[in-house]
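Take a look at the structure set out below.
Whatever order the structure lists ligands and atoms in, that order sets their numbers, starting from 1. Bear in mind that the values here come from a model prediction, so they are computed numbers and not experimental data.
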Amino acid sequence: MKQPCSRNSLARHHGHLQAPRSEQAAAFERDGYLVVPGLCPETLCGRLVEDAQAALSPVLGPAEFEADLGYPGAPPDRGANGGDTPRRLLYAYARFSALRSWLTGAEVKGYLQALLGSDSVALSQCHHNCIMTKYPNYSSTTLWHQDVRYWSFQRPELVSLWLALGEERAENGALQVIPGSHRKAFPAELLDDALFLRTDVPEGRALVDQAITVELNRGDALFFHCRTFHAARKNQTDRVKLSAVFTYHDQDNRPVPGTKSAQYASIAL
Ligand SMILES: O=C(O)CCC(=O)C(=O)O
């Protein structure tokens, strides 16, 4: 895999800092991700961290636990050591009111309109919509996947917004992405039964060799396409990593009725 790519080197390589919106959209179309440094004001980040911490000790539901997912390194069940390690505080749009106006406000909306190529954007309440936690000791490894694998929309064209609420580095499990992977077609043999990328075959290894680690600072946003392959390692530091993650789509790109993607109405921006 390539060396971790710092926020500033990403900006230098891809023109993410102060680039006109059209250039950012072109970079996103090419790479399947875009980093926008400092998109969230510090005061809001501080408030969100406080709200998230208050909801984590004790864990206020609805939440998902590492043991629920069973990813590599996760505790085997909820009764095991570390079985109560949270992974996500769910339904974040509904429960963290401080976030709402930012998530649907003009600045975020402007990015999504450019990246989705649409004036009519909506936030899905059914996917991500969480505060993602990554705890020391009992966090797990997330294998290479495309988020859209279990999502059901008319078109596989959604964009997620990952907001760093603290530093995200390789050692605390920052997201890794494979640039340009959202534009490729992958034969079924390259995916395992759970639709994770197989890294035990040369084609899979070759893809992962192109991956970069997206290092973020508090307040930085990472936009990534729902077909961009991504992964993350365990948190090997002694501090919890917190990120807020949401998914958007063109209002014309509707969820398929009766599926999990259609469970709650999307919020029009
Ligand atoms: O932080 C991680 O482990 C990655 C999470 C992720 O990729 C996902 O939930 O889709």
Side-chain angles (χ1 to χ4, degrees), residues 1 4 31-35 48-49 52 56 62-75 82 85-93 123-153 156 158-179 181-182 191-192 194-197 199 204 207-208 211-218 220-237 239-249 260-261:
M1 190 198 310
D31 300 332
Y33 72 93
L34 175 78
V35 174
L48 289 171
V49 169
L56 283 167
E64 179 182 70
F65 295 82
E66 290 284 359
D68 297 339
L69 282 180
Y71 284 176
T85 306
R87 178 177 175 96
R88 291 190 178 100
L89 295 169
L90 300 171
Y91 301 110
Y93 181 82
L123 179 149
S124 168
Q125 292 196 81
C126 303
H127 299 301
H128 285 308
N129 190 13
C130 69
I131 301 284
M132 191 90 74
T133 61
K134 194 156 268 207
Y135 272 71
N137 303 321
Y138 295 105
S139 64
S140 58
T141 297
T142 303
L143 301 175
W144 291 99
H145 67 283
Q146 296 171 302
D147 280 342
V148 77
R149 70 201 192 288
Y150 297 141
W151 300 356
S152 308
F153 283 77
L158 294 89
V159 173
S160 294
L161 162 55
W162 182 289
L163 168 64
L165 296 175
E167 286 194 351
E168 307 214 2
R169 299 287 182 268
E171 55 273 20
N172 68 353
L175 215 65
Q176 301 163 260
V177 296
I178 302 178
S181 51
H182 66 304
L191 306 176
D192 69 14
L195 303 181
F196 289 109
L197 184 67
T199 52
L207 278 164
V208 168
I212 60 145
T213 301
V214 183
E215 297 194 335
L216 301 171
N217 288 332
R218 173 155 144 148
D220 293 353
L222 162 70
F223 292 95
F224 62 107
H225 196 283
C226 65
R227 292 197 312 270
T228 300
F229 269 97
H230 59 285
R233 300 206 178 102
K234 286 169 75 83
N235 182 351
Q236 287 171 317
T237 70
R239 299 191 60 192
V240 180
K241 178 165 83 62
L242 296 175
S243 329
V245 191
F246 296 87
T247 296
Y248 297 85
H249 60 97
K260 182 166 186 278
S261 299

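With a heavy-atom cut-off of 4.0 Å, V245 does not touch ligand 1 at all. Neither the backbone nor the side chain of T141 comes within contact range of ligand 1; no heavy atom lies under 4.0 Å.
Crowding of R239 atom CZ: a count of heavy atoms from other residues, nucleotides or ligands under 6.0 Å not exceeding 12.
In this structure, the side chain of N172 does not engage the main chain of T237 through any donor-acceptor pair within 3.5 Å. With hydrogens and angles ignored, the 3.5 Å screen pairs no side-chain donor or acceptor of H249 with any backbone N or O of T247. A distance-only check finds a donor-acceptor pair linking the side chain of T133 to the backbone of P86 [under 3.5 Å]. K234 contributes no side-chain N or O that, together with a main-chain N or O of T141, makes up a donor-acceptor pair within less than 3.5 Å.
Residue H145 places a heavy atom under 4.0 Å from ligand 1.
Counting atoms of ligand 1 from 1 in the listed order, those under 4.0 Å from a heavy atom of A232 are 1 (O), 2 (C), 3 (O), 4 (C). Here is the list of ligand 1 atoms found below 4.0 Å of a heavy atom in K134: 1 (O), 2 (C), 3 (O). Shown in contact with H128 at under 4.0 Å from a heavy atom are these atoms of ligand 1, numbered in order with element: 8 (C), 9 (O), 10 (O). Of all atoms in ligand 1, numbered sequentially from 1 with element shown, those under 4.0 Å from a heavy atom of M132 are 5 (C), 9 (O). The L175 neighbourhood of ligand 1 comprises atoms 4 (C), with distances under 4.0 Å to a heavy atom of that residue. Heavy-atom contacts of R88 reach the following atoms of ligand 1: 8 (C), 9 (O) (cutoff under 4.0 Å).
Counted by atom type alone, H145 and D147 present one or more donor-acceptor pairs between their side chains at under 3.5 Å. Using modelled atom types and a 3.5 Å distance limit, the side chains of S140 and E66 yield a donor-acceptor pair.
For atom 3 (O) of ligand 1, the closest heavy atom belonging to the protein is T142 OG1, 2.5 Å. What sits closest to atom 5 (C) of ligand 1 on the protein, heavy atoms only, is R87 NH2, 3.6 Å.
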Please assess Q176 against R233 for the test side chain to side chain contact (heavy atoms under 4.5 Å, CB included), listing each intermediate value before the final yes or no. CA-CA 9 Å; Q176 301 163 260; R233 300 206 178 102; 3.7 Å; yes

For F224 and H182: C-alpha separation, side-chain torsions, deciding distance, then whether side chain to side chain contact (heavy atoms under 4.5 Å, CB included) applies. CA-CA 9 Å; F224 62 107; H182 66 304; over 6 Å; no

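Looking at ligand 1, you won't find any N or O of W162 less than 3.5 Å from one of its N or O atoms. By the 3.5 Å distance cut-off applied to N or O atoms, S140 is not counted among the residues near ligand 1.
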